[in-house]
Amino acid sequence: MNTSLKWSLLIIMGVIYFSSCKSKNGKEEQIIESQNFYLQGSFGYDREFLKRHYEGTIVLENQDKKASIVLSPELQGRVMTSTLNGNAGISYGWINYDLIVSGKIKPQFNPVGGEERFWLGPEGGQYSFYFKPDSAFSFENWIVPAPIDTEPFEVIELQNNRVVFKKEMKLVNYSGNSFDIGVKRTVSLLNDQEIAINLNMSGLEVSTVAYETDNQVTNNGHLAWTKETGLPSIWLLSMMTPSPEVTVVIPIVEGEETEKGPKVNDNYFGQVSSDRLKTTAKTIFFKTDGNSRGKIGISPQRATAFMGSYDAINNTLTILQIPQPSSNDSYVNSAWEIQDDPYSGDVLNSYNDGELEDGSQMGPFYELESSSPTLTLKPGEAYSHIQRIYHFKGTKEMLDPIAQKILEVSIDEILAVF
């Protein structure tokens with residue numbers, strides 16, 4: 001083999017790049033990131049990257065090492081990414097490589113990425129955990145609490161297909177009320193039988209990776225959590241890597257707006273343009289290519305147990321599943337204002353990243369999000385919010401039965417929207 005051909009093959013197989021990061025003594029040094037010759041965007045690349053930067057990195061994988069997920073105790077027990085085809089497969093979670101390599105800690109929020117992270121709501125309003133008492137609801141005053149941004153979670157159990165994290169924290173809301181909170185987060189890699197049971201579907205002939213997170217919150221304080229002092233909620237956010245052809249699909253409960261309320265809330269960051277958000281009597285379609293900042297939400301009167309996305313370029317159908325919401329439950333309102341009704345929030349959300357007013361951009365990425373009902377817990381009481389993420393990869397014909405069963409639309413219907 002001649003030298004030119006040899007180097008061409010190496011370039012195809014992977015990437016070697018230089019980056020600047022801080023050594024343990026604080027000095028800047030140049031290091032070579034070899035990534036074991038996996039291309040950026042592959043699971044193998046992300047797995048090695050995270051292992052190098054976070055000593056506690058955990059990998060759960062099935063027996064044939066195809067379906068795998070990576071978790072980080074240092075990053076609040078979040079699922080950083082997943083794959084359904086081993087190290088060479090697509091890495092589905094969005095990771096902020098530049099921020100991680102820099103070693104910097106930002107004072108407001110450290111968007112390191114991750115396919116599913118644990119947060120607490122509400123974000124805005126008189127009971128917010130993200131604004132100090134009496135501060136204005138502006139971006140410069142918005143701060144993510146350290147226990148869910150920069151502090152590690154403790155690993156208390158580790159098995160081949162499951163890991164359990166623990167964290168105790170004290171948070172103060174905008175109204176000045178303190179909350180002693182215990183968190184127990186269990187992440188399990190699901191097998192084919194569990195997937196079939198959860199979705200009531202058998203004989204799936206597609207490549208699959210799926211995991212479940214059971215997020216338990218306990219009132220560790222001496223006072224009950226009441227509406228008068230502010231109620232927290234469990235908030236799970238999944239940051240996914242987009243392509244130019246990703247569409248979020250959300251089935252909704254049908255009914256007149258006079259009875260069920262609006263089909264979708266699209267006023268989080270200004271109204272989403274009509275070329276990016278489409279509604280029918282039973283479905284919400286949202287273009288999530290990472291090129292236009294916007295967010296939508298689904299109320300408990302409209303939400304079902306499912307939402308998902310279809311990536312037409314990578315032939316991937318992603319499903320998010322939660323327990324069926326009850327229209328009688330209340331959910332925190334995260335609007336950045338003093339609210340008339342702080343318990344009129346959404347169950348499911350989707351966010352599409354895009355340029356900020358100053359021209360900068362965090363991603364690109366898109367998010368699928370779910371929230372628990374408000375937590376009216378007495379001292380010692382606990383509540384668990386369960387979320388499952390599934391990625392299915394195959395031909396359009398192979399994915400179509402799943403889309404029709406779970407999202408109640410065909411792949412062709414999704415493709416025809418935008």
**Q** Looking only at the aromatic ring of each residue, does the gap between the centers of Phe285 and Phe418 stay below 6.0 angstrom?
**A**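 When the ring centroids of Phe418 and Phe285 are compared, they turn out to be at least 6.0 Å apart.
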
**Q** Can a side-chain donor-acceptor contact be found between Ser384 and Asp214 if the only test is distance below 3.5 angstrom?
**A**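 Note: Asp214 and Ser384 side chains meet the donor-acceptor criterion.
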
**Q** With no hydrogens and no angle check, just 3.5 Å: does a side-chain donor-acceptor pair link Ser138 and Glu140?
**A**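 Yes - a donor-acceptor pair under 3.5 Å links their side chains.
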
**Q** When you measure from the side chain of Glu194 to the backbone N and O of Asn191, does any donor-acceptor pair fall under 3.5 Å?
**A**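 Checking the backbone N and O of Asn191 against the side chain of Glu194, a donor-acceptor pair under 3.5 Å is found.
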
**Q** Decide whether Tyr130 and Asn173 meet the rule of one side-chain donor and one side-chain acceptor closer than 3.5 Å.
**A**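 On atom types as modelled, these side chains do not qualify, holding no pair under 3.5 Å.
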
**Q** Do Leu171 and Ser178 touch side chain to side chain, with heavy atoms closer than 4.5 Å?
**A** no

**Q** Hey, does the side chain of Lys393 reach the backbone of Asn314 with a donor-acceptor pair shorter than 3.5 angstrom?
**A**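 Yes; judged by distance alone, with no hydrogens or angles, the pair exists.
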
**Q** Going by the rule salt bridge (Lys or Arg N to Asp or Glu O under 4.0 Å), which residues pair with Arg276 if we only count those two or more places apart in sequence or in a different chain?
**A** Asp289

**Q** Flag the pair Val246 / Thr288 as yes when at least one side-chain heavy-atom distance between them is below 4.5 Å, and no otherwise.
**A**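 Val246 vs Thr288: side chains touch.
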
**Q** Keeping the roles fixed (side chain from Asn141, backbone from Ala136), state whether a donor-acceptor pair exists under 3.5 Å.
**A** yes

**Q** Does atom CG of Asn267 have more than 12 heavy-atom neighbours, drawn from other residues, nucleotides or ligands, at distances under 6.0 Å?
**A**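 Check passes, neighbour count above 12.
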
**Q** Please lay out, stage by stage, how Asn333 and Tyr343 fare under the test side chain to side chain contact (heavy atoms under 4.5 Å, CB included).
**A** CA-CA 5 Å; Asn333 185 343; Tyr343 304 112; over 6 Å; no

**Q** Regarding Glu369 and Lys295, does a basic nitrogen lie under 4.0 Å from an acidic carboxylate oxygen?
**A** yes

**Q** Within the distance-only criterion (no hydrogens, no angle test), does the side chain of Ser175 pair as donor or acceptor with the backbone N or O of Asn177 below 3.5 angstrom?
**A**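 It does not hold such a pair.
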
**Q** Is there side-chain contact between Met307 and Leu407, with heavy atoms separated by less than 4.5 Å?
**A**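 They are not in contact (no side-chain heavy atoms under 4.5 Å apart), so the answer is no.
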
**Q** Between the side chains of Tyr268 and Ser334, is a donor N or O closer than 3.5 angstrom to an acceptor N or O?
**A**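 No.
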
**Q** Can you say whether the rings of His53 and Phe49 are parallel (under 30°), tilted (30 to 60°) or perpendicular (over 60°)?
**A**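 Ring orientation of His53 relative to Phe49: tilted.
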
**Q** Report yes if the side chains of Ile298 and Asn265 come closer than 4.5 Å at any heavy-atom pair, otherwise no.
**A**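 Not touching, per the 4.5 Å side-chain cut-off.
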
**Q** For Ser410, is there any backbone N or O sitting under 3.5 Å from a side-chain donor or acceptor partner on Glu413?
**A** yes

**Q** May I ask you to check whether Tyr38 and Arg47 show a side-chain donor-acceptor distance below 3.5 Å?
**A** no

**Q** Between His385 and Ser371, does any side-chain donor sit less than 3.5 Å from a side-chain acceptor?
**A** no

**Q** Check whether Gln339 reaches the backbone of Ala335 with its side chain - one donor and one acceptor, N or O, closer than 3.5 Å.
**A**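 Here the side-chain-to-backbone pair exists.
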
**Q** If only side-chain N and O atoms count, and only distance matters, is there a donor-acceptor pair under 3.5 Å linking Ser360 with Asp358?
**A** yes

**Q** Under the criterion ring-ring contact (aromatic ring centres under 6.0 Å, His included), I'd like the reasoning laid out for Trp94 against Tyr366: C-alpha separation, chi angles, the key distance, then a yes or no.
**A** CA-CA 9 Å; Trp94 178 77; Tyr366 73 99; over 10 Å; no

**Q** Keeping Ser82 on the side-chain end and Ile69 on the backbone end, is there a donor-acceptor pair under 3.5 Å?
**A**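 Such a contact is absent between Ser82 side chain and Ile69 backbone.
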
**Q** Is the backbone N or O of Lys396 less than 3.5 Å from a side-chain atom of Asp400, with the two atoms forming a donor-acceptor pair by type?
**A**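 No, the answer is negative, given that no donor and acceptor are paired below the 3.5 Å cut-off.
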
**Q** State whether a side-chain donor-acceptor pair under 3.5 Å links Asn62 with Asp64.
**A**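 On atom types as modelled, these side chains qualify, holding a pair under 3.5 Å.
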
**Q** Between Ile252 and Thr283, which heavy-atom pair has the shortest distance, and what is it?
**A**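 In terms of heavy atoms, the two residues are closest at CG1-N, 3.9 Å.
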
**Q** Is it true that the side chains of Asp353 and Gln361 contain a donor and an acceptor less than 3.5 Å apart?
**A** yes

**Q** Would you please indicate if the ring centroids of Phe129 and Trp119 are separated by under 6.0 Å?
**A**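 Centroid separation for Phe129 and Trp119: 6.0 Å or greater.
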
**Q** What do you reckon, are the aromatic ring centroids of Tyr174 and Phe137 less than 6.0 Å apart?
**A**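 They qualify: ring centres under 6.0 Å apart.
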
**Q** Do you see a donor-acceptor pair shorter than 3.5 Å between the side chains of Ser91 and Asp46?
**A** yes

**Q** Does atom NZ of Lys166 have more than 12 heavy-atom neighbours from other groups under 6.0 Å away?
**A**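 Atom NZ in Lys166 is not crowded, with 12 or fewer foreign heavy atoms closer than 6.0 Å.
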
**Q** Salt bridge check, Arg185 against Glu116: does any charged N sit closer than 4.0 Å to a carboxylate O?
**A** yes

**Q** As a quick check of understanding, evaluate side chain to side chain contact (heavy atoms under 4.5 Å, CB included) for Val163 and Val155, giving each step before the final call.
**A** CA-CA 7 Å; Val163 59; Val155 177; 4.0 Å; yes

**Q** Decide, yes or no, whether a salt bridge links Asp346 with Arg302 under the criterion of side-chain N to carboxylate O below 4.0 Å.
**A** no

**Q** Do Ser243 side-chain atoms and Glu245 backbone N/O form a donor-acceptor pair below 3.5 Å?
**A**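 Confirmed, Ser243 side chain pairs with Glu245 backbone.
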
**Q** Above 12 or not: heavy atoms from other molecules or residues under 6.0 Å from CD of Glu337?
**A** yes

**Q** We want to know whether Tyr211 and Glu115 form a side-chain donor-acceptor pair, criterion being a heavy-atom distance below 3.5 angstrom.
**A** yes

**Q** In the structure I gave you, are the side-chain heavy atoms of Tyr310 and Leu399 within less than 4.5 Å of one another anywhere?
**A**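 The answer is yes, as the side chains (C-beta and beyond) meet within the 4.5 Å cut-off.
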
**Q** Any salt bridge between Lys167 and Glu154, counting N to O under 4.0 Å?
**A**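 A salt bridge is absent here (no side-chain N lies under 4.0 Å from a carboxylate O).
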
**Q** Kindly indicate whether the side chain of Tyr383, heavy atoms from C-beta on, has any atom under 4.5 Å from the side chain of Leu377.
**A** yes

**Q** Using a distance-only test with no angle check, is there a side-chain donor-acceptor pair under 3.5 angstrom linking Thr318 and Tyr390?
**A** no

**Q** Would you indicate whether Asn160, at its atom CG, is surrounded by more than 12 heavy atoms from other residues, nucleotides or ligands within a distance under 6.0 Å?
**A** no

**Q** Does Lys170 have any salt bridge (Lys or Arg N to Asp or Glu O under 4.0 Å) partners at least two apart in sequence or in another chain, and if so, which?
**A** Asp180

**Q** Hey, is Arg388 close enough to Glu212 for a salt bridge, meaning N to O under 4.0 Å?
**A**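 Glu212 and Arg388: salt-bridged.
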
**Q** Is the closest basic N to carboxylate O distance between Arg162 and Glu157 below 4.0 Å?
**A**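 Looking at Glu157 together with Arg162, the answer is yes, because their closest N to O distance falls below 4.0 Å.
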
**Q** Should we count CG of Leu223 as having more than 12 external heavy atoms under 6.0 Å?
**A** no

**Q** Can a donor-acceptor pair be found between the side chains of Asp275 and Ser273 at a distance below 3.5 Å?
**A** yes

**Q** If only atom types and distance count, is the side chain of Arg78 paired as donor or acceptor with the main-chain N or O of Gly113 below 3.5 Å?
**A**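 A pair under 3.5 Å: yes.
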
**Q** Kindly determine whether Trp142 and Phe109 satisfy ring-ring contact (aromatic ring centres under 6.0 Å, His included), including the steps that lead there.
**A** CA-CA 9 Å; Trp142 175 77; Phe109 170 43; 5.5 Å; yes

**Q** With a 4.5 Å cut-off on side-chain heavy atoms, are Asn220 and Ile181 touching?
**A**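 No. Closest side-chain heavy atoms not under 4.5 Å.
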
